[in-house]
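Everything numeric in this text was worked out from a predicted model, so none of it was measured. Each ligand, and each atom within it, is numbered from 1 in the order the structure gives. Start at 1 with the first residue, then count along the sequence.
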Amino acid sequence: MVGPYIIRRCETADLPTVMDINMLTLPEHYSDYFFESILSELPESFIVAELYSKVVGYIMCKIEFGFSNFRKLGFVKKGHVVSVAVLNEHRNQGLGNALMIEGINGVIARNTDEIYLEVRISNTAAVRMYERLGFQIKSRLRTYYRDGEDAYLMALEFA
Ligand SMILES: CC(C)(COP(=O)(O)OP(=O)(O)OC[C@H]1O[C@@H](n2cnc3c(N)ncnc32)[C@H](O)[C@@H]1OP(=O)(O)O)[C@@H](O)C(=O)NCCC(=O)NCCS
């Protein structure tokens, strides 16, 4: 990563900027309450990238219970990357990667063995980033998005 970027936990005061970044970078948006509840439920995985006191990227994750993506029997506790984004002018400098690593570490600290996410099949930059972090494409979710695009379900099992 280049430049004096800081990777730190999100604070309540950062949420309006995080919501702005979400609006600018992704078609999937959420209510204020959703952002607030994710921050209070898993603050160690709600991370922002900051440059000169300006938030330029974020990741937010959840802990869920559900079927394993790695053939473990029964329900497991697992992480879910809900949303990750970096403002266009700050991309390709390692921020996405740094945010993912911090978010994943927060999920690992909650005694989970795996994490998963959904990503548009056309989103090459994000798919590559996830693959470089060790995520595997586990399935294709047909017409997952409102506009009809399919998603890849990608998952990472912790060592
Ligand atoms: C996906 C996103 C978060 C990546 O952020 P970033 O800060 O540019 O990512 P990084 O600089 O850390 O790059 C990490 C890896 O992603 C891949 N990558 C990033 N941008 C890429 C691009 N335009 N094309 C191909 N691969 C790309 C590379 O493998 C890169 O690793 P490398 O530099 O070692 O080769 C950013 O593109 C973004 O905010 N996109 C819009 C929001 C979005 O799509 N979020 C994901 C929703 S599931």
Side-chain angles (χ1 to χ4, degrees), residues 1-11 14-32 34-35 37-39 41-64 66 69-70 78-108 112 114-159:
M1 197 178 359
V2 296
Y5 288 101
I6 293 168
I7 302 291
R8 62 162 175 83
R9 280 198 195 187
C10 181
E11 293 166 14
D14 299 316
L15 286 180
T17 314
V18 167
M19 289 181 228
D20 287 347
I21 296 171
N22 173 255
M23 288 296 280
L24 284 167
T25 56
L26 283 164
E28 290 73 43
H29 307 136
Y30 315 95
S31 66
D32 295 11
F34 186 75
F35 285 92
S37 61
I38 295 226
L39 180 58
E41 279 166 30
L42 197 57
E44 56 268 58
S45 288
F46 201 144
I47 309 293
V48 296
E50 184 184 75
L51 180 66
Y52 304 128
S53 304
K54 182 178 180 285
V55 171
V56 300
Y58 72 90
I59 184 170
M60 57 182 188
C61 306
K62 284 171 76 169
I63 299 291
E64 296 174 359
N69 287 297
F70 294 93
K78 57 187 180 177
H80 182 193
V81 180
V82 177
S83 188
V84 53
V86 173
L87 283 177
N88 197 27
E89 57 273 32
H90 298 275
R91 288 183 192 162
N92 300 313
Q93 301 184 71
L95 290 180
N97 203 54
L99 289 166
M100 285 293 297
I101 288 168
E102 284 303 304
I104 290 168
N105 283 338
V107 163
I108 290 173
T112 55
E114 58 188 86
I115 187 166
Y116 78 101
L117 55 84
E118 299 89 5
V119 57
R120 285 177 181 268
I121 60 163
S122 64
N123 194 345
T124 315
V127 172
R128 292 239 178 96
M129 178 176 75
Y130 301 140
E131 282 178 338
R132 283 184 65 109
L133 285 158
F135 282 76
Q136 305 164 23
I137 295 175
K138 303 301 285 187
S139 60
R140 182 168 172 151
L141 310 173
R142 304 278 164 192
T143 58
Y144 180 80
Y145 295 100
R146 275 193 196 170
D147 60 8
E149 184 169 351
D150 294 355
Y152 289 131
L153 189 152
M154 299 185 72
L156 169 69
E157 189 172 30
F158 306 139

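Atoms of ligand 1 found under 4.0 Å from any heavy atom of Asn97 (numbered from 1 in listed order, with element): 12 (O). Numbered from 1 in the order shown, with element, the atoms of ligand 1 that lie under 4.0 Å from a heavy atom of Val119 read 48 (S). Each of the following atoms of ligand 1 lies closer than 4.0 Å to a heavy atom of Ala85: 39 (O), 42 (C). Proximity to Leu95 (heavy-atom distance under 4.0 Å) selects the following atoms of ligand 1: 7 (O), 12 (O). Those atoms of ligand 1 that come under 4.0 Å of a heavy atom in Glu118, given as number and element, are 48 (S). Atoms of ligand 1 lying under 4.0 Å from at least one heavy atom of Tyr130, given by number and element, are 46 (C), 47 (C), 48 (S). Interface of Gly94 with ligand 1, defined as ligand atoms under 4.0 Å from a residue heavy atom, comprises 10 (P), 11 (O), 12 (O).
Counting protein heavy atoms only, atom 45 (N) of ligand 1 is closest to Val84 O, 2.8 Å. The nearest protein atom to atom 5 (O) of ligand 1, hydrogens excluded, is given as Gly96 CA, 3.7 Å; this is a heavy-atom distance. Counting only heavy atoms of the protein, atom 35 (O) of ligand 1 lies nearest to Arg132 NH1, 3.5 Å. Here the heavy atom of the protein found nearest to atom 44 (O) of ligand 1 is Asn123 ND2, 2.7 Å. What sits closest to atom 8 (O) of ligand 1 on the protein, heavy atoms only, is Asn92 N, 2.8 Å. Among protein heavy atoms, atom 22 (C) of ligand 1 sits closest to Ala125 CB, 3.5 Å. Nearest protein heavy-atom neighbour of atom 25 (C) of ligand 1: Arg128 NH1, 3.2 Å.
Polar contact with ligand 1: absent for Thr124 (N/O pair, distance under 3.5 Å). For a threshold of 3.5 Å applied to N or O pairs, the pair formed by Thr25 and ligand 1 contains no separation below that value.
Of the charged side-chain nitrogens involved, none lies within less than 4.0 Å of a carboxylate oxygen, so that Glu41 and Lys62 do not count as a salt-bridged pair.
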Residues 150-159, side-chain donor-acceptor partners within the protein, below 3.5 Å, at least two apart:
| unit_1 | atom_1 | unit_2 | atom_2 | d |
| --- | --- | --- | --- | --- |
| Asp150 | OD1 | Thr143 | N | 2.8 |
| Asp150 | OD2 | Arg140 | NE | 2.8 |
| Asp150 | OD2 | Arg140 | NH2 | 3.0 |
| Asp150 | OD2 | Arg142 | NH1 | 3.4 |
| Glu157 | OE2 | Lys72 | NZ | 3.1 |

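Of the candidates Met129, Gln93, Arg91, the one placing a heavy atom closest to atom 3 (C) of ligand 1 is Met129. Between Leu133, Ile59, Leu26, it is Leu26 that holds the heavy atom closest to atom 47 (C) of ligand 1.
Within the 4.0 Å heavy-atom criterion, both parts of Val86, backbone and side chain, lie near ligand 1.
For atom 18 (N) of ligand 1, the nearest protein heavy atom lies closer than 4.0 Å.
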